[in-house]
Amino acid sequence: QRVFYETTKMLYKELEDDRTRYLFAALLRALVGKEIEQARGLEDVFHEGLVGMGSSGRDRSSAFHLLSYFALHEVHYKTLVHPLMEINSRNSKGLMSKIVFHTEHDEVWACSLSDYKQAAQIEHRVAEYDPKELQSEFSQATARFQEFIESEFMQTFTGIKLPATIRKIMAYSFSAIRRRRFAVAGSEADEEQSCCEPILKVVVLGFFVPMLRGARRYGGKMGYLGSELEKKLDQESLGLMNNIEQLCKFLEKVLGHGAFDETNLEGRLLKRIGQRLKPILLKYCMDQMKDIADDIHTQLLFSVCRAHYDLKPKTVLLPSSVLLSLSNMLRKSITKLSINDHDVVAAICGDEDNSIKEFSIQEVKNAKENDVLHVFRLDSRFMLEDLRLTLCPSAGCPVPPATSTELLMPGQKFGNLVKKFDPVEEQSRVFEEIFIEATRTLQSTTFVSLKKEFEHELQTIIKSSTACANIGVAHRLTTGLEILTEFIELDTQEEELLDAFDAVLANRWRYCSYLNQLELGVRSVNKAKEKHVECLEEAMRRYEGANKFSLTLQLPPKLLKVAQEEGLSLRLEGAADKIANREEFSRSEKVRGMSNNPVATHPLKKLLSKKVVIECLIPAEPKDVRVTFHLMNGGVDITILLRRKSTECIMKRISISEERLRTLKKAEEGETVGVPTEEPLLKFSIAKLIELIADTAAGR
């Protein structure tokens, strides 16, 4: 699990990048879905969120751990951390500024009398206190803490709007929990609140409590908020850290991690405060999930498309120790992780003969002592080489077909990238069409009265002069009457039909929102494309400017004027004058558009004498044959010219590609090659041929 955490955090470190952020959100979504699916009860969802460690020394909820990491990442400092932790601003209304205010006004917070005695603010005078005086002060402190919780804390906490991506994951989690239908006692409202409790646990114990406990990190220099809070935390007598810790303990107990001491009045009061606070926090979570579309996969699709217009290289740094541990982990589970018959990772890890070895614990420890960072360059523009894309069925991520379980047909470029609309049920469609086509507004509130209205509508159509034209309407009314008769016989409640209508409308609204997201996504890709074109044009302008300057070394007039006014001589002035006087052809505009591919022609007789050509199979005298070498595109074109009296004719033209040249360079000393391969006319010494091509490229 440690390897999983370290690898995940390093792979998705650059969360400022849209593509990386939505990839990580898709991972979290899949992790949350799997955890909810495997949970035996509602209490197992995001289980042990506070401690996070089970009896085996592993986090019982990996989703909780990574959600907390995601929320407190630097990418969310501005939207989540700073509004809570800011104290430097004069008009700061953050939670931490209020905690500091109350602490500086000598307030001492505690969840029990023993905690109160240990508070740094009164530690020096506890010995002087009479037990009754101490109890009285604790009661007053509890009353002031109650005022803070029920006014400023609730107002500040519920006023924070969580980042959109986090709210989307929360909304997905809530829907997945409701679909799982855990056994929950009580009314529908109670069920809804119970389903929201695991999400509240993540929000409070995964986001806010770690942020408060890490006040030095999130509210100080590391959080880009200056050192003011750090100075206050260093003042032990102020007791700021004590009040923060007691607030965190209170929130933990409110969510069931620990119990209040009910043997005294103050403990019972704190429990009642928590009981009033919890529904407000649950409502806050529900409000955060309202009107938020779960469009993570849609946004991911378009962020992957936009990444193809991003020229910045995407890299990942992984230390040797993590790579060795990751390799061992993959070897153990490769049969489960393999996605298709051509899985590259499975080929590396699964084949006993050719796979990488399993590394011992000692080897991993040794690697950790002298860790080396390995840089991996990610191919985020993979469609430039292979214009094919599909969605991974398990994760919903857009990937090349080679890394997906979904196979594309020959010639097919794209998988099912766009969701299809699920049609409404037949019953709902029939009633909807009848309601639209009815000659008058239907007023029924029961199935019996609605049946009578349908019968009246049917009789009206039958008796009308346009009965033939309305045969479709009559058919639908007849079908509707049959359905209503069945409803009445089965004693179906009217609310059930209304719920079905509501589900149909909600389904349409979701798909309409999805289509709107697609439209916005396409626009964003087009904007990225336009920006990419502008960047390329700007790069070409800069390249042209640099090239032009390198040819003439002419300095800008403004710079020359300033130098002249100051009586200074610039170094490049002399060089520019010399270049201008020489009037070199290669530096003039006349060479624009001309190719610079080297060409060399050698008599065959010379090539034979230098042992470049070992054997000539041309039916002609060597003195009448010349061989031309034309270097282009990394390869070479060889042209054999045959002289007939006063003219030369092309006897044969052979092309050797760049790839073939690379292969020839690996040949052993003394090897030969026939040109052309089929029915050779000349047999070259490979070593001499490569040397001749190199000399031609260098102009020798």
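Source: prediction; values computed, not measured. Positions are given from 1 along the sequence.
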**Q** Evaluate the criterion salt bridge (charged side-chain N to carboxylate O under 4.0 Å, His left out) for residue pair Arg21 and Glu14; output intermediate values, then yes/no.
**A** CA-CA 8 Å; Arg21 185 167 63 256; Glu14 301 295 332; over 6 Å; no
**Q** NZ of Lys98: more than 12 outside heavy atoms within 6.0 angstrom?
**A**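 For Lys98, atom NZ is crowded (more than 12 foreign heavy atoms under 6.0 Å).
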**Q** Would you call the rings of Phe24 and Tyr12 parallel, tilted or perpendicular if under 30° counts as parallel and over 60° as perpendicular?
**A**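 It falls in the tilted class, 30° to 60°.
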**Q** When you measure from the side chain of His308 to the backbone of Met383, do you find a donor-acceptor pair of N or O atoms at a distance under 3.5 Å?
**A**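 Judged by distance alone, yes, a pair lies under 3.5 Å.
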**Q** Any chance the side chains of Ser380 and Arg19 put a donor and an acceptor closer than 3.5 Å?
**A**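 Note: Ser380 and Arg19 side chains miss the donor-acceptor criterion.
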**Q** Given side chains that start at C-beta, do those of Leu225 and Tyr218 come closer than 4.5 Å, heavy atoms only?
**A**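 The answer is no; the side chains never approach within 4.5 Å.
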**Q** Take Arg180 and Glu37, measure what salt bridge (charged side-chain N to carboxylate O under 4.0 Å, His left out) needs, and give me the verdict at the end.
**A** CA-CA 7 Å; Arg180 183 70 168 74; Glu37 180 186 324; over 6 Å; no
**Q** Between Ser61 and Glu35, do the side chains contain an N or O donor and an N or O acceptor separated by less than 3.5 Å?
**A**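 On atom types as modelled, these side chains qualify, holding a pair under 3.5 Å.
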**Q** Please report the closest heavy-atom contact between Met222 and Tyr77, naming both atoms and the distance.
**A**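 Minimum heavy-atom contact is O-CE2, 3.8 Å.
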**Q** Would you compute the distance between atom CG of Leu518 and atom OG of Ser513 and round it to the nearest 0.5 angstrom?
**A**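 One finds 11.0 Å between CG of Leu518 and OG of Ser513.
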**Q** Measuring from Cys397:SG to Leu391:CG, what's the distance to the nearest 0.5 Å?
**A**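 The distance works out to 8.5 Å.
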**Q** I'd like to know if the side chain of His76 reaches the main chain of Pro163, judged simply by a donor and an acceptor atom lying under 3.5 Å from each other, with no hydrogens or angles considered.
**A**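 Here the side-chain-to-backbone pair does not exist.
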**Q** Do the charged groups of Arg2 and Glu6 touch, with an N to O distance under 4.0 Å?
**A**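 Yes, this pair counts.
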**Q** Could you check Leu408 against Phe414 for side chain to side chain contact (heavy atoms under 4.5 Å, CB included), going step by step and ending with a plain yes or no?
**A** CA-CA 7 Å; Leu408 299 184; Phe414 300 103; over 6 Å; no
**Q** Do Asp295 and Thr298 have a side chain donor and acceptor closer than 3.5 Å?
**A**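 Thr298 and Asp295 do not have a side-chain donor-acceptor pair below 3.5 Å.
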**Q** Which atoms form the tightest heavy-atom contact between Thr441 and Glu453, and what is the distance?
**A**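 That closest heavy-atom pairing would be O-OE2, 4.4 Å.
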**Q** Can the positive tip of Lys9 be found less than 6.0 Å from the middle of the six-membered ring of Tyr5, inside 45° of the ring normal?
**A**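 Yes, Lys9 and Tyr5 form such a contact.
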**Q** Distance check, rounded to the nearest 0.5 Å: Thr479 atom OG1 versus Leu484 atom CG?
**A**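 Separation between the atoms: 11.0 Å.
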**Q** Testing the basics here: between Ala25 and Ile296, what is the closest heavy-atom pair and its distance to 0.1 Å?
**A**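 Heavy-atom minimum between the residues: CB-CG2, 3.9 Å.
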**Q** Do Asp287 and Lys283 meet the salt-bridge criterion of a basic N to acidic O distance under 4.0 Å?
**A**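 Salt bridge flag = yes for Asp287 with Lys283.
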**Q** Has His73 got a side-chain atom pairing as donor or acceptor with Ser68's backbone, closer than 3.5 angstrom?
**A**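 Here the side-chain-to-backbone pair does not exist.
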**Q** Is the shortest heavy-atom distance from the side chain of Met96 to the side chain of Leu212 under 4.5 Å?
**A**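 Side chain of Met96 against side chain of Leu212, heavy atoms only: contact under 4.5 Å found.
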**Q** May I ask you to test the Phe454-Ile434 pair for a side-chain heavy-atom distance under 4.5 Å?
**A**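 Phe454 vs Ile434: side chains touch.
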**Q** Taking it one step at a time, do Phe64 and Phe46 satisfy ring pair (Phe, Tyr, Trp, His ring centres under 6.0 Å)?
**A** CA-CA 6 Å; Phe64 178 94; Phe46 306 131; 7.1 Å; no
**Q** Please round to the nearest 0.5 Å and tell me the distance separating atom CZ of Phe145 and atom CZ of Phe153.
**A**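 Reported to 0.5 Å precision, the distance equals 8.0 Å.
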**Q** Given side chains that start at C-beta, do those of Pro198 and Ile177 come closer than 4.5 Å, heavy atoms only?
**A**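 Yes - at least one pair of side-chain heavy atoms lies under 4.5 Å apart.
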**Q** Given side chains that start at C-beta, do those of Pro83 and Lys78 come closer than 4.5 Å, heavy atoms only?
**A**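 No - every pair of side-chain heavy atoms lies 4.5 Å or more apart.
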**Q** Nearest heavy-atom pair of Ala307 and Arg381: which atoms, and what distance?
**A**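 Shortest heavy-atom separation between Ala307 and Arg381 comes out as O-CG, 3.7 Å.
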**Q** Hey, is CG on Asp379 packed in by over 12 heavy atoms from elsewhere, all under 6.0 Å?
**A**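 Atom CG in Asp379 is packed in, count exceeds 12.
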**Q** For a side chain to side chain contact (heavy atoms under 4.5 Å, CB included) check, start with the C-alpha distance between Met289 and Ile199, then their side-chain angles and the critical distance, and finish with the verdict.
**A** CA-CA 10 Å; Met289 295 182 286; Ile199 298 168; 4.0 Å; yes
**Q** Charged N to carboxylate O under 4.0 angstrom, Lys249 versus Glu245?
**A**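 Looking at Glu245 together with Lys249, the answer is no, because their closest N to O distance does not fall below 4.0 Å.
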**Q** If only atom types and distance count, is the side chain of Ser449 paired as donor or acceptor with the main-chain N or O of Ser444 below 3.5 Å?
**A**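 No; judged by distance alone, with no hydrogens or angles, the pair does not exist.
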**Q** Walk me through it: do Val254 and Ile273 pass the test side chain to side chain contact (heavy atoms under 4.5 Å, CB included)?
**A** CA-CA 9 Å; Val254 168; Ile273 297 170; over 6 Å; no
**Q** Under 3.5 Å, side chain of Arg167 to main-chain N/O of Gln288, donor-acceptor pair present?
**A**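 Present.
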**Q** For the backbone of Ala171 and the side chain of Ser175, can you confirm whether one donor and one acceptor N or O come within less than 3.5 Å of each other?
**A**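 Indeed, once roles are kept as given, a pair shorter than 3.5 Å links the two residues.
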**Q** Is there side-chain contact between Phe501 and Leu497, with at least one heavy-atom pair below 4.5 Å?
**A**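 Answer yes - side chains close enough.
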**Q** Check this for me, if you would: do Arg476 and Glu433 make a salt bridge, where the nitrogen-to-carboxylate-oxygen distance has to be below 4.0 angstrom?
**A**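 Salt bridge present between Arg476 and Glu433.
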**Q** Quick one: does any side-chain atom of Tyr284 pair with a main-chain N or O of Ile160 as donor and acceptor, under 3.5 Å?
**A**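 Yes.
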**Q** Between Glu150 and Arg276, does a salt bridge (charged side-chain N to carboxylate O under 4.0 Å, His left out) hold up when you go through it step by step?
**A** CA-CA 9 Å; Glu150 293 182 347; Arg276 289 196 292 269; 2.5 Å; yes
**Q** Hey, does Leu277 have a side-chain heavy atom less than 4.5 Å from the side chain of Phe250?
**A**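 Yes, close enough: below the 4.5 Å cut-off.
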**Q** Could you tell me whether the side chain of Tyr514 and the main chain of Lys419 form a donor-acceptor pair under 3.5 Å?
**A**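 Side chain of Tyr514 to backbone of Lys419: a pair is present.
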**Q** Which of parallel (below 30°), tilted (30 to 60°) and perpendicular (above 60°) describes Phe435 and Phe431?
**A**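 Geometry flag for Phe431 against Phe435: tilted rings.
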**Q** Take Arg508 and Glu432, measure what salt bridge (charged side-chain N to carboxylate O under 4.0 Å, His left out) needs, and give me the verdict at the end.
**A** CA-CA 13 Å; Arg508 289 180 182 174; Glu432 181 181 4; 2.7 Å; yes
**Q** At their closest point, which heavy atom of Leu15 faces which heavy atom of Val75, and how far apart are they?
**A**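 Reported closest heavy-atom pair: O-CG2, 3.7 Å.
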**Q** For Leu42 and Cys195, which heavy atoms make the closest approach, and how far apart are they?
**A**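 Result for this residue pair: CD2-N, 4.2 Å.
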**Q** Is there a side-chain contact between Phe302 and Val522 in this structure, where contact means two heavy atoms from C-beta onward sitting under 4.5 Å apart?
**A**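 Answer yes - side chains close enough.
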**Q** How long is the straight-line distance from CD1 of Ile87 back to CG of Leu95, given to the nearest 0.5 Å?
**A**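 These two atoms lie 12.0 Å from each other.
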**Q** Applying ring-ring contact (aromatic ring centres under 6.0 Å, His included) between Phe157 and each of Phe148, Phe207, Phe208, report the one that passes.
**A**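 The single option meeting the ring-ring contact (aromatic ring centres under 6.0 Å, His included) with Phe157 is Phe208.
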**Q** Within the distance-only criterion (no hydrogens, no angle test), does the side chain of His257 pair as donor or acceptor with the backbone N or O of Leu205 below 3.5 angstrom?
**A**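 Absent.
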**Q** Assess the side chains of Tyr309 and Glu530: does a donor N or O sit below 3.5 Å from an acceptor N or O?
**A**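 Glu530 and Tyr309 do not have a side-chain donor-acceptor pair below 3.5 Å.
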**Q** Does Gly41 offer a backbone N or O that forms a donor-acceptor pair with the side chain of Asp44 under 3.5 Å?
**A**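 Pair found, side chain donor or acceptor close to backbone of Gly41.
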**Q** Rounded at 0.5 Å granularity, tell me how far CD in Glu192 sits from CZ in Phe174.
**A**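 Going from the CD atom of Glu192 to the CZ atom of Phe174 covers 4.5 Å.
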**Q** Give the C-alpha distance, both sets of side-chain angles, the deciding distance and a yes or no for ring pair (Phe, Tyr, Trp, His ring centres under 6.0 Å) between His297 and Tyr22.
**A** CA-CA 8 Å; His297 287 155; Tyr22 281 114; over 10 Å; no
